[in-house]
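Below is one structure; the comments refer to it alone.
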Amino acid sequence: MLAGYGIDARAAAITLITDAFVVRGTIQTRHRRITDMLNSAEHEFLVLTDATFVEFGSAGQAIQADFAQVNLGAVLFGVADEPVDATPE
């Protein structure tokens, strides 16, 4: 998606906590930090692949989707599912 612009994109596994769901998935990004992904988004939503939704307080089964759009206005916080190496200075 970003390759056509001369930007090296990488897949990042993330977990987003929204006002109603815990959403896990993978995002294509040029950023290293989750903070930059959330604050520097070009749109009002993030597109995740291989998404899994779990509703808060629900004992039901998780919902899975190949793609999902998550509204940034509903995101309370996000965390990386993999460790992020420090940038050498």
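Position 1 is the first residue of the sequence, and the numbers go up from there. The structure presented is a predicted model; accordingly, all values stated were derived computationally and were not measured.
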Tell me which donor-acceptor pairs under 3.5 Å the side chains of residues 62-71 have, and how far apart each pair is, sequence neighbours excluded?
unit_1	atom_1	unit_2	atom_2	d
Asn71	OD1	Gly73	N	2.7

Residues at least two apart in sequence or cross-chain that pass side-chain contact (heavy atoms from CB on, under 4.5 Å) with Thr35, listed by chain then number, are Asn39
Hits for side-chain hydrogen bond (donor to acceptor under 3.5 Å, both in side chains) against Asp50, two or more places apart or cross-chain, chain-then-number order -> none
Applied to residues 24-45, the ring-ring contact (aromatic ring centres under 6.0 Å, His included) test, sequence neighbours excluded, yields His43-Phe45
message: Hydrophobic cluster membership, with links at side-chain heavy-atom distances under 4.5 Å among I/L/V/M/F/W/Y: are Met37 and Val47 in one?
response: no
Note: with side-chain heavy atoms under 4.5 Å as the link, the other cluster members for Val54 come out as none
Between Leu38 and Gly78, the two heavy atoms sitting closest are CD1-N, 4.2 Å
Is it true that Arg10 and Glu82 make a salt bridge, defined as a side-chain N closer than 4.0 Å to a carboxylate O? no
- request: Determine whether Val79 and Ile34 make a side-chain contact, defined as any pair of heavy atoms from C-beta on separated by less than 4.5 Å.
  value: no
Value for CZ (Arg33) from OG (Ser40), rounded to nearest 0.5 Å, stands at 9.0 Å
Sequence neighbours excluded, the answer for side-chain contact (heavy atoms from CB on, under 4.5 Å) partners of Ala11 is Thr26, Gln28
Pairs of donor and acceptor atoms involving the side chains of residues 13-25, under 3.5 Å and at least two apart or interchain, shall be tabulated with distances.
unit_1	atom_1	unit_2	atom_2	d
Thr15	OG1	Asp81	OD1	2.6
Thr15	OG1	Asp81	OD2	3.4
Thr18	OG1	Ala20	N	3.2
Thr18	OG1	Phe21	N	2.8
Thr18	OG1	Phe21	O	3.0

